[in-house]
Each structure stands twice: as structure tokens, then as C-alpha cells.
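This is a predicted model, so every value here is computed, not measured. The sequence lines fix the lettering, A, B, ..., with proteins before strands; numbering per chain opens at 1.
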2 protein chains.
Amino acid sequence: MEKQSVTIYTVAREARVSMATVSRVVNGNPNVKPATRQKVMDVIKRLNYRPNAVARGLASKKTTTVGVIIPRITNPYFADLALGIDDIASMYKYNIILTNSDNDDDKVLKVVRNLLAKQVDGVIFMGYSMPDELRDELKSSNTPVVVAGSVIDDDELATVRIDYENAAKEATLKLLDNAKDHVAFVTGPLKYVINSDDKLSGYKAALAERHVDFDDQLVVETDGTYQSSYDQAKRLVEAGVKAAYVSNDNLAVGLLNGLTDNGVKVPDDFEIISSNDTTYTKISRPTISSITQPLYDIGAIAMRLLTKLMDGTDSATDEKDVILDHGFAQRQSTR
Amino acid sequence: MEKQSVTIYTVAREARVSMATVSRVVNGNPNVKPATRQKVMDVIKRLNYRPNAVARGLASKKTTTVGVIIPRITNPYFADLALGIDDIASMYKYNIILTNSDNDDDKVLKVVRNLLAKQVDGVIFMGYSMPDELRDELKSSNTPVVVAGSVIDDDELATVRIDYENAAKEATLKLLDNAKDHVAFVTGPLKYVINSDDKLSGYKAALAERHVDFDDQLVVETDGTYQSSYDQAKRLVEAGVKAAYVSNDNLAVGLLNGLTDNGVKVPDDFEIISSNDTTYTKISRPTISSITQPLYDIGAIAMRLLTKLMDGTDSATDEKDVILDHGFAQRQSTR
DNA sequence: TTTTTTGTTGAAAACGTTTGCCATTTTGGG
DNA sequence: CCCAAAATGGCAAACGTTTTCAACAAAAAA
């Protein structure tokens with residue numbers, strides 16, 4: 001690859017000033033006489049000079065780049081978050097290095113090491129769990145981190161999310177109140193704290209409040225895929241289950257279609273409430289009632305918070321955990 | 001931000017060799033005695049040294065980073081492509097700077113300038129059109145570019161895609177052969193060449209082959225959103241249309257739900273074939289028949305092609321345009 | 001005038017690598 | 001053993017910026 005043709009030095013020579021002055025102009029430093037500034041800007045335009053961000057990064061130790069870890073870009077829940085992240089990032093002139101973790105501990109570790117090598121100014125983490133090794137790596141690197149739309153077992157890390165436990169509780173209560181006794185909880189792997197500590201707890205809290213005994217037969221653990229819950233539909237009905245609170249939209253659609261394809265009428269014979277309010281809940285037929293989350297905002301606020309942390313205005317410390325409001329959308333899968 | 005603590009120089013000192021040797025070890029250069037290599041590697045491990053990719057990028061003029069332009073990360077079609085891109089990128093140790101273009105000419109131009117400033121080694125472009133200014137910028141920058149899953153009017157740029165025109169023709173033929181006369185074409189904005197030059201042409205070719213007159217009333221141009229085609233459903237039925245080939249899955253689901261919600265039976269009263277075979281076509285009820293595209297592969301191959309171009313083994317020139325096979329998935333929206 | 005003060009500019013040292021070139025060592029053939 | 005060739009390793013110059021510090025000039029105060 002040939003050498004960059006027009007550098008700050010070229011501009012300096014043409015404009016008969018020093019590199020330092022050109023740098024000042026480029027960076028909007030006010031200590032430059034307007035006439036000089038104009039002269040330099042003219043040359044910049046004429047030569048079509050564009051500063052080399054890599055050199056800049058080396059000299060300034062800031063790359064204006066943040067790393068974003070996402071389990072899978074094709075998962076609408078995380079994609080919605082990512083959209084908010086990207087928008088705010090571009091508003092603040094940051095670039096995003098996005099990588100799929102495939103929810104694989106080894107891969108995520110490799111990925112983060114790579115990001116740190118690239119000297120990202122910050123990291124946004126989305127995912128179901130954070131390996132200890134990764135946590136250590138991040139902490140020792142001193143790079144600001146924000147966890148978005150996820151729950152990981154660590155109270156030092158800044159987080160933006162909703163109150164999953166309460167949301168789950170409210171959803172379960174709704175189902176119980178529609179005079180259903182047998183309300184199931186269909187969830188992804190319980191090894192992830194967001195499922196076990198948050199959503200399952202919320203489900204249990206609702207049962208307790210309505211004095212319904214907890215029956216672990218009604219907790220249906222799946223691998224989180226559409227197909228896995230589709231396959232459970234028949235079994236659930238045969239077991240006499242009349243409603244289910246479902247921990248994510250993939251599973252909810254799978255369950256719904258499984259039921260429908262087996263001739264079960266939703267909501268007449270079975271009610272469903274899902275958790276994430278992504279497109280899936282709106283394009284299915286019947287549409288699916290769901291807890292609503294401000295997904296875009298979670299991403300946006302996470303990125304905003306990260307910019308503060310990166311600026312190092314340490315005041316950010318106090319608002320380390322942001323819990324946004326959730327809601328409920330009544331659709332066709334509940335009465 | 002404080003100075004990087006352990007640098008190549010630290011390692012060199014500890015291992016009693018020069019920076020150059022450390023660099024050789026790190027980069028797997030063979031000109032180093034195994035004993036020396038081992039000694040250096042031990043120190044690297046002990047000090048937990050990690051090379052600074054920014055400095056490396058400056059010195060070597062390679063950043064092992066590629067820019068990816070995506071209209072919208074939440075669009076399943078492009079997200080599937082992006083997944084393939086990301087997988088292959090990480091296989092080849094490249095990082096991805098991902099940015100939403102929002103399909104906005106100004107924004108995409110700004111974004112690409114930014115990417116070039118960041119010295120990306122290559123660019124993958126997805127989108128509906130490429131502003132002239134952008135094309136010029138890319139060409140003059142001499143950065144390799146691959147267009148993925150998109151059609152833009154330029155025959156110098158490397159492209160990976162399917163034969164949209166033929167696919168559209170085959171789909172339309174199927175609908176015509178099911179004894180339907182009034183087959184509509186529901187499409188996104190016709191100002192985009194993929195819609196007008198490719199898919200519309202395919203639609204017309206099918207009509208011609210069956211000796212059916214083209215009726216421009218049957219070309220329904222929308223803004224490409226779910227809602228826009230949902231809203232057209234009623235009008236289409238009232239106009240006596242019996243089937244539609246639809247240019248993307250968003251529109252297809254919108255149309256389908258619009259029909260269903262108006263009491264029209266699919267496929268009995270109306271048949272639909274869509275274009276992209278994303279999840280949407282599988283989770284809707286009825287499911288939607290669709291042209292199938294190897295979306296993941298398109299992304300993967302695009303990235304693979306880009307690595308070749310970046311390596312500069314100029315042999316890549318001959319296989320500049322990759323057209324992958326498409327297929328057809330018969331589902332519930334056609335008989 | 002002379003002295004301060006303020007505002008502009010330039011020189012040069014970082015930043016942490018890679019790499020071309022040269023010097024030194026090692027190796028192996030005779 | 002000697003010598004040429006091959007293997008190994010060091011030096012120092014890039015790479016293109018930012019940033020500190022000092023110098024200088026102009027304006028303000030004395």
C-alpha cells in the first residue's frame with residue numbers, strides 16, 4: 001500500500017505554517033488567528049486533505065471507536081438495542097466495532113481481547129453471561145463498560161435495562177387474574193441469571209401474591225429457539241396448561257404457532273404474554289400481548305452513558321445503573 | 001489517559017533482545033531462532049503484553065478492519081447478510097465497523113468518509129443506491145469494495161448476489177400458472193434499480209412469456225414498510241387482484257396480514273410469493289412461499305471476496321461478479 | 001518610551017509499532 | 001580448520017498525528 005499522499009505536513013507546507021497550526025485548525029482549537037485559519041482551511045479543501053485517524057489515535061490515545069458485543073445480530077431484540085446504540089454513537093462521532101459473540105465464552109473473550117488491542121475507548125456488552133476471565137480483562141484494562149438490556153451478575157458494571165423481575169411478575173399476574181390456574185413459564189436456559197434470578201423470580205412472586213402453589217412442572221426450560229418452544233406446545237396443552245408467560249419473543253412465536261398448528265385457539269384456549277415487544281409480536285396472527293420495553297432507548301441511553309464514562313467526568317459514577325420504565329401491550333393473545 | 005504500560009520496548013528489555021525481534025516473534029516471522037522465540041514468548045506471557053493495534057496500523061498501513069454499510073441493522077434481510085459477513089471476517093481476523101446508513105445519501109457519504117479516515121482495509125456496501133459522490137470517493141481512495149445482496153448501477157464494483165430478475169420471473173410465472181390472471185407486483189420504491197431494473201423486469205418478462213398484457217395498475221409501489229403494504233391489501237382485492245409477487249418480506253407479511261384482517265383467505269382467494277426467505281416468511285400464518293436466497297452465504301462470500309481484493313492478489317479481478325443460485329420454497333401462501 | 005500582558009505560532013518530542021538494511025553469529029562443506 | 005553462505009538479530013528511520021514548551025509579536029498598560 002502506498003504512502004498516504006497528502007498529510008498534515010503537505011498542508012503545512014502549502015499554507016506556509018507549521019504542522020501544529022494545521023492540527024489546531026483541524027481540531028477547532030481557538031488559538032489561531034482567523035486569517036491563518038482561513039488560509040489553512042483553503043489549502044485543506046484544495047488538497048482534499050483528510051486526517052489519518054490511525055495516526056491521530058496513536059498520538060492522542062483516543063480512537064473514537066467503541067466495541068459492541070452482541071450475541072447475534074439477527075436476534076431482533078438485540079438488533080433493536082444496537083440500533084439505538086448506533087444512532088447515538090454516530091451522533092457523538094463514535095464508530096462501532098460490532099461483533100457477534102454467538103453467546104460463546106471463548107469467542108467473546110477472544111473478541112474482547114481484540115477490541116482492547118484495537119484501543120477502543122469503551123465497550124457495550126449485551127449477552128446472557130460474562131465469563132470471569134472477561135470481567136477481569138475488562139477491569140484491568142480500565143476501559144469503560146456499559147451492559148445494555150442484559151443482566152449479568154456483577155454490581156460494579158454500569159447497566160441500562162428495565163426491571164425484568166417486576167415486569168415478569170406483572171405479566172404473570174395478568175394471566176393468573178384471567179381466572180387461569182395453570183400458568184406456565186416458558187423460558188430460555190435457566191443458567192442465565194436474567195432467566196432464573198429475574199424472570200423466574202417475578203413469576204414466582206406473582207404466584208405467591210395470588211396464593212398459588214409453585215409447581216416446577218410448569219417451568220418449561222428450552223434452549224431459547226423458535227423450534228424448541230414450538231415443539232413444547234402440544235405437551236403443554238396436554239398437561240392442562242392454560243396460559244404461559246414467555247421469556248422472549250422467539251419462544252412466544254414458536255409456542256403460538258405450535259399451538260395454532262395443533263388446533264388450539266389462542267386466546268380462547270390458551271393465553272400468551274411475551275417479554276420483548278419486538279416486531280415478531282406484531283406480525284404474528286394472532287398478535288402477541290407483551291411486556292413493552294423501550295429497546296431503542298435502552299441502547300441509546302447505554303451509549304450516552306458510555307460517552308460520559310469515556311469523558312471521565314467522574315460524576316457519572318452515581319448514575320451507574322439505569323432502570324427504565326416498562327409497560328404492557330394488550331394484543332390478541334390475551335383476553 | 002495514561003500511557004500504555006507494557007510496550008514492545010518493555011518486552012525487548014526484559015527478554016534482552018531488540019524491539020525488532022519481539023516484533024518478529026509477535027508476527028510469526030520465521031527469521032528467529034526457536035530458543036529466542038521461546039524466551040520472548042515467555043516474557044510476553046509473563047508481562048501480559050498485548051500489541052497496540054493502532055501503532056501497528058500506523059506502521060504497517062493495515063488496520064485489519066473493514067467498514068460495513070448497512071441500511072438498517074433491524075432489517076432481517078440485511079441482518080442475515082451481516083451475519084455471514086461477520087463470521088467470515090472473524091475467521092480471517094478482521095474486525096467490522098458497522099454503520100447504519102438509514103438509506104440516506106448524505107449520511108452514507110459522511111459515514112464512508114469517516115471509514116476512510118479510519119483507514120479501513122476494505123468496505124462492504126449494502127443498500128439500494130450509491131450516490132455518485134460516494135462512488136467517486138471510494139474509487140479515488142483505492143479501497144477495495146464489495147457490494148453484497150444489493151444492486152447498484154455500476155459495473156466496476158465487485159458484487160455478490162443472486163439473479164433477481166430471473167428469480168422474479170420464475171415467481172411470477174408460478175403465480176400466473178396457478179390460473180391467475182390478475183397477478184400484481186408489490187414493490188418498494190421504483191427509484192431503486194433492484195426494484196425497477198431487476199424485479200420489475202422479471203415480472204414483465206413472465207407476463208410476456210405467458211402472453212399476458214402488462215397493466216401498470218398492477219404495479220403497486222410502496223415505501224417498503226410493513227404498514228404501507230398492509231394498507232394496500234383491501235384496495236388490491238377490490239381491484240380484483242388474485243395474487244401478488246412481492247419484492248420483500250416486510251411487504252409480504254404486511255400484505256398477508258392486511259388480507260387476513262380483511263377476511264380474505266390466503267391462499268384460496270389470494271396467493272403471495274415473497275422474495276427473501278427471511279424468518280418473517282416462516283413465522284407468519286399462513287407461512288409465505290418465497291424465492292430462497294442463500295443470505296448467509298452471500299454475506300460470507302462477499303467478505304471472502306473482499307479479503308482477496310485486500311490481499312491484492314490481483315487474480316481476483318476476473319471473478320468480480322458472483323451470482324449465486326436461488327431457489328423456491330413452497331409454503332402455505334400458494335397452492 | 002518601556003514594560004506587561006495577551007495572543008499566535010513553530011520546533012520537536014512523543015505515541016508504539018514495522019521494516020529495510022547492515023552486522024554479527026552460526027552452520028556446514030571442503 | 002577455514003571460509004562462504006545462511007541464519008539471526010540490532011539500529012534507526014519511517015508511519016501521521018497531537019501536544020508541550022518556548023519564542024515571538026502585537027497590544028495594552030505604565
Side-chain angles (χ1 to χ4, degrees), chain A residues 1-41 43-44 47-65 114 116-121 141, chain B residues 1-41 43-44 47-65 114 116-121 141:
Chain A
M1 191 180 280
E2 55 303 1
K3 218 152 119 171
Q4 184 168 321
S5 48
V6 27
T7 73
I8 200 176
Y9 181 72
T10 324
V11 174
R13 178 156 37 76
E14 289 285 313
R16 304 177 177 290
V17 296
S18 73
M19 289 162 47
T21 302
V22 177
S23 176
R24 289 192 191 96
V25 170
V26 168
N27 293 298
N29 182 316
N31 293 340
V32 175
K33 187 160 56 173
T36 315
R37 175 184 306 279
Q38 192 55 51
K39 187 171 60 174
V40 171
M41 295 215 300
V43 175
I44 287 178
L47 264 43
N48 195 26
Y49 165 71
R50 201 131 50 238
N52 180 325
V54 174
R56 215 194 265 231
L58 182 58
S60 69
K61 306 190 153 314
K62 302 222 172 267
T63 54
T64 59
T65 304
N114 208 253
L116 294 177
K118 288 247 161 99
Q119 314 293 118
V120 293
D121 296 336
S141 81
Chain B
M1 193 180 280
E2 60 290 12
K3 217 151 125 173
Q4 185 167 321
S5 47
V6 27
T7 74
I8 199 174
Y9 181 73
T10 324
V11 174
R13 177 156 37 76
E14 289 285 313
R16 304 178 176 289
V17 295
S18 74
M19 291 162 47
T21 302
V22 178
S23 175
R24 289 190 192 96
V25 170
V26 169
N27 294 298
N29 182 315
N31 293 341
V32 44
K33 189 161 54 176
T36 315
R37 176 185 306 278
Q38 192 56 51
K39 186 172 60 176
V40 172
M41 294 214 301
V43 176
I44 287 178
L47 265 44
N48 195 25
Y49 164 70
R50 201 134 46 241
N52 179 324
V54 174
R56 209 192 268 231
L58 182 59
S60 69
K61 306 191 151 313
K62 303 226 173 264
T63 53
T64 60
T65 304
N114 208 254
L116 294 178
K118 287 245 160 101
Q119 313 296 116
V120 294
D121 296 336
S141 80

> Thr7(B) side chain: which of dG16(C), dT8(D), dT8(C) is closest?
Replying inline: dG16(C)

> Taking only N and O in the side chain of Thr36(B), is any of them less than 4.0 Å away from OP1 or OP2 of dG9(D)?
Replying inline: yes

> Tyr9(A) has an atom OH; how far is it from atom P of dC15(D), in whole Å?
Replying inline: 12 Å

>> Can you pull out every salt bridge (charged side-chain N to carboxylate O under 4.0 Å, His left out) where at least one residue sits in residues 25-39 of chain A? Sequence neighbours excluded, please.
In response: none

> So does Ser18(B) get a side-chain nitrogen or oxygen closer than 4.0 Å to the phosphate oxygens (OP1/OP2) of dG10(D)?
Replying inline: yes

>> The test is side-chain contact (heavy atoms from CB on, under 4.5 Å); show your working for Thr36(A) and Val25(A) and say whether it passes.
In response: CA-CA 9 Å; Thr36(A) 315; Val25(A) 170; 5.9 Å; no

> For the pair made of CZ in Arg13(B) and P in dG9(D), what is the distance, rounded to whole Å?
Replying inline: 20 Å

> Just checking Val54(A): base, sugar-phosphate only, or nothing, at a heavy-atom cut-off of under 4.0 Å?
Replying inline: nothing

> For residues Lys118(B) and Thr65(A), is any side-chain donor paired with an opposing acceptor at under 3.5 Å?
Replying inline: yes

>> Quick check on side-chain contact (heavy atoms from CB on, under 4.5 Å): which of Val11(B), Val40(B), Val43(B) does Tyr49(B) satisfy it with?
In response: Val11(B)

> Once you round it to whole Å, what is the distance between P of dT17(D) and CG of Asn29(A)?
Replying inline: 17 Å

>> To check you understand the geometry: which heavy-atom pair defines the closest contact between Asn31(A) and Asn29(A), and what is its length?
In response: N-OD1, 2.8 Å

>> The side chain of Ala55(B) is closest to which nucleotide in this list: dT9(C), dT17(C), dC15(D)?
In response: dT17(C)

>> So which atom in Gly57(B) and which in Val54(A) form the shortest heavy-atom distance, rounded to 0.1 Å?
In response: C-CG1, 3.9 Å

>> Starting the side chain at C-beta, find the nucleotide from dG10(D), dT18(D), dT17(C) nearest to Asn52(B).
In response: dT17(C)

>> Nearest whole Å is fine: how far is dG20(C) P from Asn27(B) CG?
In response: 12 Å

> Hey, does the side chain of Ser23(A) come within less than 4.0 Å of dT18(D)'s phosphate (OP1/OP2), counting only N and O?
Replying inline: yes

>> Can you identify which nucleotide, out of dT17(D), dT17(C), dT8(D), has its nearest atom closest to the Tyr49(A) side chain?
In response: dT17(D)

>> Surrounding CZ of Arg16(B) (heavy atoms of other residues, nucleotides or ligands, distance under 6.0 Å), is the total greater than 12?
In response: no

>> Is there a side-chain contact between Lys61(A) and the phosphate of dG16(C), meaning an N or O under 4.0 Å from OP1 or OP2?
In response: yes

> Axis-to-axis angle across the helix from dT1(C)-dA30(D) to dG30(C)-dC1(D), five pairs an end, to 10 degrees?
Replying inline: 40°

> In terms of the nearest nucleotide of DNA chain D, which residue is placed more toward the 5' end: Pro51(A) or Val17(B)?
Replying inline: Val17(B)

> Starting at the 5' end of DNA chain D, which residue's closest nucleotide do you reach first, Ala59(B) or Ala20(B)?
Replying inline: Ala20(B)

>> How many whole angstroms separate atom NZ of Lys39(A) from atom C1' of dT9(C)?
In response: 10 Å

> Once you round it to whole Å, what is the distance between C1' of dT18(C) and CE of Met19(B)?
Replying inline: 8 Å

>> Could you walk me through whether Arg56(B) and Asn27(B) satisfy the side-chain contact (heavy atoms from CB on, under 4.5 Å) test, starting with their C-alpha distance in whole Å, then the side-chain angles of each, then the deciding distance to 0.1 Å, before giving a yes or no?
In response: CA-CA 11 Å; Arg56(B) 209 192 268 231; Asn27(B) 294 298; 3.2 Å; yes

>> Measure CG/Leu58(B) against P/dC15(C) and give the value in whole Å, please.
In response: 14 Å

> With a 3.5 Å cut-off and just heavy-atom distances, do the side chain of Arg16(B) and the base of dG9(D) make a donor-acceptor pair?
Replying inline: no

> Arg56(B) side chain: which of dG16(D), dC15(C), dT18(C) is closest?
Replying inline: dT18(C)

> Could you state the CG-C1' distance from Asn31(A) to dC24(D), rounded to the nearest angstrom?
Replying inline: 15 Å

> The side chain of Arg24(A) lies closest to which of these nucleotides: dT18(C), dG10(C), dT17(C)?
Replying inline: dG10(C)

